[in-house]
Structures are given as structure tokens and as C-alpha cells.
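Note on naming: letters A, B, ... go to the chains in the order of the sequence lines (proteins, then strands), and numbering restarts at 1 for each one.
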Amino acid sequence: MPEEDKPIPPAREERYDAQRIEQKWTERWLSDTSLYAAEAHSTKPKYYVLEMLPYPSGALHMGHVRNYAIGDALARYMWMNAYNVLHPMGWDSFGLPAENAAIKNNTPPKEWTLANIAAMKVQMKRLGFAYDWSREVTTCLPDYYRWNQWFFLKLYESGLAYRKKSKVNWCPECATVLANEQVVGGMCWRHEDTPVEQRELEQWFLRITKYADELLRDLEKLQGWPEKVRIMQQNWIGRSEGTLVDFDLGGTVGPAGSTITVFTTRVDTIYGATSVQLAPEHPIVADMIARDAALRAQVEELIAEQRRAKEAGDIGAIEKHGVFTGRYAKNPYDGEAVPVWVANYILMDYGTGAIMSVPAHDERDYEFAQKYRLEIRLVILPQPSDPEETMAEPPLPFTTTDGILVNSGEFNGLSCEDAITKMSALAEEKGFGKATVTFRLKDWGISRQRYWGTPIPMVYCDRDGVVPVAEKDLPVILPDSVPITLSGGSPLMNVPEFLNTTCPKCGGPARRETDTMDTFVDSSWYFYRYADAHNDQAPFDSATIAYWFPIDQYIGGVEHAILHLIYSRFWTKFMRDMGLVKNDEPVARLFTQGMVIKDGAKMSKNLGNVVSPDEMVERYGADATRLYSLFAAPPDRDLDWQESGIEGIQRFLARVYRFYYERDQVWANEAAEKAAKMDILARHSTILVPSLNANAKRLAERSARKIQRKLHQTIKRVSDDFQGRWHFNTCIAAIMELVNEIYGAQEAIATGRVPAALIIEVQRNIALLLAPMAPYLAHELWEMAGETSNLLKAPWPKYDAALAAEDEIEIPVQVNGKLRGLVVVEAGASVDQIKQAALADQKVQAAIAGKLVVKVIVVPKKLVNIVLR
RNA sequence: GCCCGGAUGGCGAAACUGGCAGACGCACGGGACUUAAAAUCCCGAGGGGCGAAAGCUCCGUGACGGUUCGAUUCCGUCUCCGGGCACCA
């Protein structure tokens with residue numbers, strides 16, 4: 001193409017106009033769907049960066065923007081580092097709010113949800129997030145949830161899905177099940193004067209506890225996860241080693257039998273057991289109260305106390321109450337019969353729901369025994385430090401395991417540790433107990449008596465009982481246009497076309513399961529689907545998963561540290577055992593970002609301190625909104641949103657823009673300069689970092705060298721932060737410093753003391769450094785710097801350590817730890833040279849005059865400290 | 001109660017490995033440009049005391065103590081704030 005036929009670049013405006021620039025680039029980006037597409041096969045290394053998918057509530061909030069700004073910056077950075085990047089997005093689109101909206105606005109949940117998705121997708125695109133939309137996953141659509149059903153069938157086949165009775169919140173007024181958040185102070189959220197009841201329903205559970213040990217053990221492998229999250233999961237799993245011991249009641253009370261099995265971690269203290277305590281909901285208690293109305297009333301009060309405390313979220317503050325049952329149980333070790341009590345501090349869903357109470361060696365038992373004047377018997381004494389010393393009586397309760405047994409028959413004199421081993425062995429030998437491990441982790445109840453969720457693919461037949469739907473008949477489609485009412489249980493029960501079916505086994509009439517799945521099922525494996533989003537033969541292709549997994553970096557809120565992430569880990573282990581995936585864990589590295597707060601409080605409608613992303617984008621642009629959310633605080637900490645802060649960022653972007661614009665104006669007006677520019681550009685398109693020697697000559701000017709040094713220092717700082725701790729706030733500060741340096745050198749630039757080549761190099765690099773964080777402006781600047789390549793995949797700049805190095809450095813000189821002088825030395829100065837310079841300094845001389853110098857500490861490049869006496 | 005974070009100017013924060021505390025930004029003050037304002041550019045600034053000024057000096061990273069030539073950083077005790085779990089036997 002002849003020179004004069006080249007398209008004339010569009011006229012640029014003097015003022016930084018975010019809206020104009022962002023609209024221009026949005027159009028280009030949206031017209032090319034291949035832009036952010038991951039390559040199925042690539043010689044490049046793969047990188048899977050994932051942000052937690054949102055619930056489509058209708059609008060993004062600032063927390064989302066922050067989350068996605070971090071992920072997008074990382075994805076773009078990895079593209080620039082020539083990785084094959086997978087960066088997908090989707091919608092966690094089943095769940096209760098759609099049903100609530102249906103009730104409130106009379107809109108079908110599907111319609112409401114899909115409209116919200118469309119709206120939020122527009123927001124995401126406006127913000128410029130670089131997602132591969134061809135892999136979008138929408139969990140409420142049958143092409144996704146059919147695989148939930150498929151997995152459920154596999155879980156059922158493997159014995160990992162089972163039914164059992166479980167309690168639900170029931171509002172008699174609504175005649176329906178309530179979610180925990182719909183219970184307010186023990187009352188229904190819609191009927192403030194209707195107490196919520198507990199009803200037992202048959203529900204589906206997934207046997208996550210089968211993997212309890214592995215889920216715990218593999219936390220070790222997750223070194224790329226925050227320590228905090230690993231600890232939270234560890235506590236959640238709650239592994240505890242102990243002993244089961246049978247106490248005999250000496251005759252049955254009812255169907256629950258005549259044995260109380262207690263779980264204890266301290267079987268070594270069992271000779272100090274002076275009572276057995278049962279949870280109020282223990283089956284033996286049920287037998288006991290069946291014939292004892294007075295006891296029944298008391299036990300019911302204990303249950304009520306427990307429930308009230310739990311609902312108040314304040315179970316720790318509950319005052320301990322108990323009631324003596326009138327029965328005694330025999331301690332199998334010494335044959336002593338101890339009283340059996342029922343107590344409100346014993347939980348039925350942990351251990352066996354029964355404990356032995358050892359007041360002398362357990363704080364809670366001690367408190368309880370004091371209150372009810374139960375016997376307190378000391379059986380552990382402190383280890384004497386000197387064997388000759390007599391053992392002192394310790395203060396009670398004495399809970400340490402570093403002690404010696406007394407008053408414990410044949411076990412006297414053993415250490416607690418030895419006693420636990422020997423006593424557990426004896427229990428097993430004699431058949432009244434055994435060593436065991438319990439977990440706090442419970443099986444995962446997935447049944448929801450709701451409409452807007454994945455139908456559980458099971459059928460109930462009068463003849464064949466519980467029968468799974470045949471795989472070939474999947475998906476079981478969730479019917480549309482189902483009236484969402486407030487009463488009568490699950491809405492699906494009122495849809496005969498759905499409810500009535502035929503038995504897959506005998507072909508006779510049967511009923512479908514009307515419960516739907518917990519939405520945590522959807523989010524437990526959605527990130528696998530991204531890798532192969534349109535597969536209609538299987539949830540995904542295993543070879544594709546082997547390529548992409550594990551996820552290299554997952555980013556989201558810490559509020560999902562436990563449930564979502566533990567269910568996802570469980571799902572992965574199950575899929576691995578099925579042979580579907582090879583990885584043991586889904587996520588190699590996890591990052592949890594801090595909350596966005598305003599005026600010191602979490603943003604909420606109640607407080608009226610919600611900042612709308614749309615408003616920010618409209619007022620300041622997407623770049624400023626994103627950049628500010630990265631700048632205002634390090635990403636793992638809470639971010640206090642300040643309107644004046646984002647104004648400052650906008651000012652910074654305008655300052656950067658103006659630097660390019662004004663240079664362009666100058667160059668455009670100087671024909672000779674322009675020719676030089678073209679010549680330089682031609683050279684620079686291949687050489688990003690000029691070699692030191694060539695430049696050292698060319699950049700003899702001090703001001704030019706200063707700019708060049710700052711440039712390379714900036715590239716280093718920004719690169720280091722992307723590689724390391726992700727403190728994007730300091731990256732941005734570094735770029736601001738570079739821009740300040742340029743503005744500070746205005747005069748040198750105007751008088752031609754700074755070569756145009758260097759200015760262009762700075763311009764190119766600022767565009768490159770800003771590209772991950774402020775992509776719109778960065779693309780515009782890239783173009784203004786004369787580049788025609790796509791910035792998205794332009795190589796990330798490299799710094800030259802020699803160019804970044806300082807020639808001279810200032811070394812502070814302290815005398816007795818107090819700053820007394822500053823000396824300037826060459827960067828490579830030896831310890832001795834620095835010491836001489838420091839001692840020669842006038843101020844230092846004055847400070848040490850007449851005193852005895854005891855020691856001179858020299859830390860090269862850092863400081864000198866002269867110690868006087 | 002237990003576990004995990006955090007606390008630094010008027011504000012958001014920085015100081016990455018024990019080495020000049022407060023980079024960068026906001027707000028503020030002063031100046032330049034302007035008829036004026038806005039915008040922009042430049043300069044100033046932790047607090048106290050001394051000084052006309054250049055400057056000098058003391059104090060200062062939630063509190064108290066310790067280690068060290070030297071501590072925002074390491075150790076101990078405590079206070080407050082945030083998050084998680086909660087009578088877990």
C-alpha cells in the first residue's frame with residue numbers, strides 16, 4: 001500500500017473521554033468472538049483462571065466487580081505471557097430468590113432468571129471482562145442440570161446417595177417447608193405470629209463422610225490455598241479420635257435397648273465418671289419419657305432450650321440444664337452404677353449423643369456437676385517434675401492430658417496417653433467398646449422442597465419402591481408455568497403431568513420425586529463443564545479435563561470457604577473414583593478477596609450505602625471503576641469505597657492520556673520529528689528493551705537516564721507483583737510514579753533532551769503495564785503509540801536489571817540508632833567505602849565528637865549505625 | 001469460649017527478608033494559568049517544641065514489657081475491631 005493511501009487514524013480528542021474510548025473498543029471486542037476463546041489444542045502452557053460464578057440476582061454489585069477485576073487482570077496478564085488461557089463465566093441460576101420474585105411480581109422463575117442473566121451479561125461486557133462466552137454455563141437449563149441428574153444416578157448406584165428421615169422447618173400456616181433464612185426468631189418470615197415447627201421428612205443425602213478422612217488429609221496438598229481456608233475446613237471436618245464405651249442400663253426401657261454407648265476422647269478419665277449424660281433427643285430418652293409424663297415435660301423443655309439457643313446463634317451462652325432420669329448405668333471398667341441424666345448441652349448429632357461426665361477433668365462437666373451437686377472424683381494428677389516429689393492436688397477442673405492416673409484400678413500410674421491406648425484395647429478385648437474416630441462433618445442433605453431446582457431423578461412405585469429414572473430418560477425436565485404458591489408443600493406436587501409417571505421397572509403407575517436438589521450441587525462441578533460446555537453425550541470429555549485441570553487459580557469470596565469448596569472437593573473425589581477425572585483436587589490455587597465496604601460497613605440496602613457499578617461506569621468509566629477497585633486496598637483485604645478515590649483514579653487516567661495526546665500533537669507538528677518517529681518505531685517493533693551499551697551512549701543525558709531507570713524499575717515492580725503477592729495497589733502506585741516522573745521531566749522533553757525513542761518506549765510500556773487492569777484505555781494508548789498488533793496478546797514487557805539499577809544511593813547514617821546524616825555512595829560501594837564515607841560526614845562527626853566509637857554496623861545498600869558509649 | 005485476620009497521618013494505604021516510618025492516592029493549604037471560575041500544571045504537609053529563615057530538636061506504627069547496634073516487622077501479656085466455629089464430649 002502506498003504511503004498516502006494508508007487509512008488516516010481517527011481524530012483524537014484532547015480530553016480523556018472514557019465513554020467514547022470504551023464504546024469504541026467494546027464494539028471491536030464484541031464483534032470478534034474468537035478474541036478470548038481458549039484453544040482446544042495448543043503448544044502453549046495452559047492456564048485456567050476462574051472466578052466464582054454469580055447468582056443472577058439482576059445486577060452486579062461492587063463485590064462482583066472487585067472479584068472479576070482481579071480475575072480479569074490475571075487472565076489478561078497470562079495471555080500476555082503467552083499462555084493458553086481458559087477464562088469462562090456462567091450463572092448459578094437455580095435457587096430460592098427466583099421463587100420469591102415469582103410470588104412478589106407474579107413472574108415465572110425462568111423468565112425472571114433469564115432476564116437477570118441477560119442484564120448482568122450486558123454489565124459484564126460493559127466492564128470489559130474478557131470471558132470466553134462460548135463456554136457459558138447456565139445451571140438452570142436442562143443441558144446443564146441433566147448432568148446433575150446423571151451424577152445423582154451414579155451416586156445412587158455407588159451407594160453414596162441414600163434416603164433418611166431428617167428434620168425440616170415447617171410453617172403450618174404456609175403448609176410448606178422453610179429455609180433457615182426464612183425462619184426469623186423461631187417464627188415464619190411471612191407469618192410473624194406463627195411458630196415454626198420441626199417436621200421429619202424423608203430426604204436425600206450424599207455420603208460425603210465417606211471421604212471425610214481424605215478431605216482432611218488432602219488439605220495438606222492445597223499449599224496454594226490460604227492457610228485460613230484450610231484451617232476452616234479442617235475445623236469443619238472436625239476429626240476426633242476417641243473411644244466408644246457401652247454403659248449397661250441393667251434392663252431395657254423400650255425399643256432403643258439397654259445399652260448407652262458414649263463417645264469420649266478421654267477414656268483415661270473414665271474412673272472419674274460420676275454420671276452419664278444423654279442428649280434430649282437420644283432414642284433411649286424417647287423410651288424413658290414414653291411412660292413418664294413428668295420427665296417428658298422436662299425433656300421437652302430441654303429440647304426447646306436447645307433449639308432456641310441454636311436459632312439465636314448463641315448456643316454457647318445457653319445455661320446448662322439437666323434432669324435426672326431415675327436410672328443408673330454401669331461403668332464397664334469398675335462396675336459402678338452411675339446416675340443417667342438428660343442435659344441440654346449434649347448434642348444428638350455429634351458422637352453418639354451420649355457422654356460420660358467426668359467433672360474433675362472436663363470444664364463443662366465440672367460446671368454441670370457443681371450446679372447439680374454431683375460427685376467430683378479426681379483420677380488424674382499432674383506429672384511430678386521430680387519423681388521424689390509428692391503429687392500436689394491440682395485446681396479443678398484439671399483438663400490436661402499430661403498427667404498420671406490415680407484411683408483407676410489396674411491403670412494407676414500410667415500416663416494419660418498410655419492409658420487411652422490400653423483402656424481402649426481392653427474395651428475391645430472384652431467387647432464393651434473400641435477405639436474409634438468421629439467427625440463433625442455430616443452427610444450432605446440435598447433435598448429441597450422447592451420448585452426452582454434440579455428435579456431429583458427418582459420414582460416411587462407401589463410395587464418396586466424407590467426406583468431410579470433410567471439414564472436414557474434424562475433429563476427429567478423441570479416443567480415451566482408451575483404456579484408458585486405459598487402453601488401445600490413443594491409446587492411440583494401440584495403438577496400432575498410431572499408427578500404422575502410410570503415405573504421404570506414394572507411400567508406400572510408411579511410418582512416422581514418432587515424434591516429438587518440443593519444448588520450447591522450445581523456449583524460443585526460447574527467448572528468442569530466449562531472445559532467442554534456443549535458435550536451432550538457426557539458431562540464432559542475426560543481427556544479435555546486432564547488437559548485443563550486442576551484449575552490454576554480460583555478467585556472468590558471467603559464466604560464460600562467451607563460449603564462450596566468442600567462440596568466441590570468431594571465431587572471431584574467421587575468423579576475420580578468413577579474414573580471420570582484424574583485429579584484428586586479441583587483447585588490448585590485459591591484466592592479469597594476482601595469485602596467491599598462503605599463508610600465502615602458492609603454495603604447493604606438497609607444501610608443505604610450501596611454503590612452501583614452501573615453508576616460508577618457511567619460517571620467514571622469501566623477502566624476507572626476497575627482500576628480503583630484494584631488500587632484502593634490490597635485484594636485480600638476489605639476495601640473501603642470512597643467516591644473521591646475513584647475521582648483520583650480517573651484523574652490519573654486522564655493524565656496518562658494527555659501525555660500521549662500532547663506528544664502526538666508535538667510530533668504531528670514537526671515533520672522531521674515525525675520521520676524520526678517512524679524510523680524509531682520500525683526499530684522498536686522488534687526490540688522491546690534496547691541493550692545497555694547501545695542505550696548508554698544514546699541516553700547520555702541525565703534526565704533521559706532517569707526516565708529510563710524509572711521505566712525499568714516500574715516494569716520490575718509491576719511484574720513482580722503479578723508473579724507474587726498480587727498487591728495491585730502498589731503496582732498501580734508504581735505506574736503513577738512513572739507518570740509523575742514523565743511530567744516532572746516536561747521541560748527536558750520539550751527541549752529535546754529526551755530522545756523520542758525513549759518517550760515512545762515509555763508510552764508503549766505504560767500501555768502494556770496498564771493492559772491487564774485498565775484494558776480500554778491501554779488499548780487506546782497502544783494504538784496512539786503507533787502499534788497495530790492486538791494488545792491483548794502483546795508480549796508482557798521485560799525489564800533490564802542493569803537499566804533499573806541506581807548509580808548512586810543514599811545511605812542513612814545513624815548514631816546510636818538515631819538518624820544523624822545521609823551519605824551518597826556509588827551503588828556498588830564496599831562496606832569499607834561506606835564506612836569511610838559515613839565517618840567522614842560532617843554531621844556524623846559532630847555527633848560522635850568526643851565519644852568512644854564501640855562498633856560501626858554497615859549494611860550495604862541500606863544503612864550505617866555507629867554505636868557509641 | 002475456641003480458631004483465623006486486622007489496628008500505621010485528617011482519610012484509603014506503603015514499607016516484600018529486622019535497617020531513613022508514611023511511597024502512591026484522597027482531602028487540605030499555597031502558587032502558576034484565567035477577566036473570573038472550572039479544568040490543568042507546580043509546590044507544601046505525621047505531631048510537638050525552638051528559630052526571622054535555612055535549619056535544629058523531641059515524640060510517633062492500638063497498650064505495656066522483652067530480644068537486638070537497630071523493631072511497624074520477632075517474642076510475651078493485654079485492649080479494641082472484623083470473620084469463622086461454637087457446650088464437638
Side-chain angles (χ1 to χ4, degrees), chain A residues 15 226-236 238-240 242 262-266 277 279 306 309-310 313-320 343-347 349-358 362-365 367-368 438-440 558-559 561-562 592 594-595 597 600 602 628 631-634 636-649 651-652 654-655 658 717 720-721 724-725 727 729-737 739-740 743-744 746 810-822 843 854-859 861-868:
Chain A
R15 197 173 59 86
E227 175 83 20
K228 174 183 169 164
V229 173
R230 294 209 309 265
I231 290 171
M232 280 163 78
Q233 291 216 351
Q234 186 181 319
N235 294 337
W236 186 259
R239 185 180 195 273
S240 171
V262 306
F263 173 71
T264 177
T265 55
R266 292 296 306 275
Q277 303 284 342
Q306 258 186 2
K310 221 171 240 174
D314 201 20
I315 202 160
I318 193 176
E319 196 182 333
K320 290 185 180 53
N344 64 357
Y345 71 98
I346 310 300
L347 306 173
D349 53 15
Y350 183 77
T352 58
I355 64 154
M356 61 179 202
S357 175
V358 185
D362 181 280
E363 264 173 50
R364 293 152 303 169
D365 295 346
E367 189 189 329
F368 190 85
T438 57
F439 291 91
R440 205 186 84 94
V558 72
E559 64 272 20
I562 300 182
T592 52
M595 288 189 303
I597 59 177
K602 196 172 171 173
Y628 178 65
F631 176 69
D636 52 338
R637 286 227 242 150
D638 286 352
L639 184 162
D640 195 355
W641 194 271
Q642 294 184 352
E643 188 95 8
S644 56
I646 189 172
E647 281 171 17
I649 284 290
R651 207 150 28 208
F652 163 68
R655 199 167 148 91
R658 200 175 314 113
R717 281 178 66 182
D720 286 354
D721 251 321
R725 28 169 228 171
H727 278 198
N729 53 332
T730 58
C731 289
I732 296 163
I735 301 171
M736 287 172 168
E737 283 184 43
V739 172
N740 289 346
Y743 271 80
Q746 277 307 322
E810 275 190 334
I811 303 254
V813 184
Q814 297 181 339
V815 176
N816 279 348
K818 291 198 173 169
L819 186 66
R820 284 294 180 262
L822 275 176
K843 285 183 191 169
V854 180
K855 199 170 10 167
V856 179
I857 291 149
V858 178
V859 184
K861 295 184 201 289
K862 295 285 187 191
L863 130 163
V864 176
N865 191 10
I866 300 167
V867 185
L868 304 179

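Within the structure, a side-chain polar atom (N or O) of A:K818 is placed less than 4.0 Å from OP1 or OP2 of B:C59. For A:R637, no side-chain nitrogen or oxygen approaches OP1 or OP2 of B:C81 to under 4.0 Å. Distances shown here put every side-chain N or O of A:R15 at or beyond 4.0 Å from the OP1 or OP2 atom of B:A38. OP1 and OP2 of B:G1 both lie 4.0 Å or more from every side-chain N or O belonging to A:R364. A close approach under 4.0 Å does not occur between any side-chain nitrogen or oxygen of A:R717 and OP1 or OP2 of B:C24. The side chain of A:R651 contributes an N or O atom lying less than 4.0 Å from OP1 or OP2 of B:A27.
Within the 4.0 angstrom heavy-atom criterion, only backbone atoms of the sugar-phosphate kind lie near A:D638; the bases stay farther away.
Environment of CD in A:Q746: crowded, with over 12 heavy atoms of neighbouring residues, nucleotides or ligands closer than 6.0 Å.
Along RNA chain B, the nucleotide nearest A:A354 and the nucleotide nearest A:N816 are compared for position; the residue whose nucleotide lies closer to the 5' end is A:N816.
Under the 4.0 Å criterion applied to side-chain N and carboxylate O atoms, A:R230 and A:E227 are assigned as salt-bridge partners.
Atom CZ in A:R239 sits 9.0 Å away from atom OG1 in A:T438 (nearest 0.5 Å).
Pairing of B:A32, defined by two Watson-Crick or G-U wobble distances under 3.5 Å, is identified with B:U40.
Side-chain contact between A:D638 and A:M595 is present, with heavy atoms from C-beta onward closer than 4.5 Å.
In this entry the base of B:G47 is anti relative to its sugar, with a glycosidic angle more than 90° from 0.
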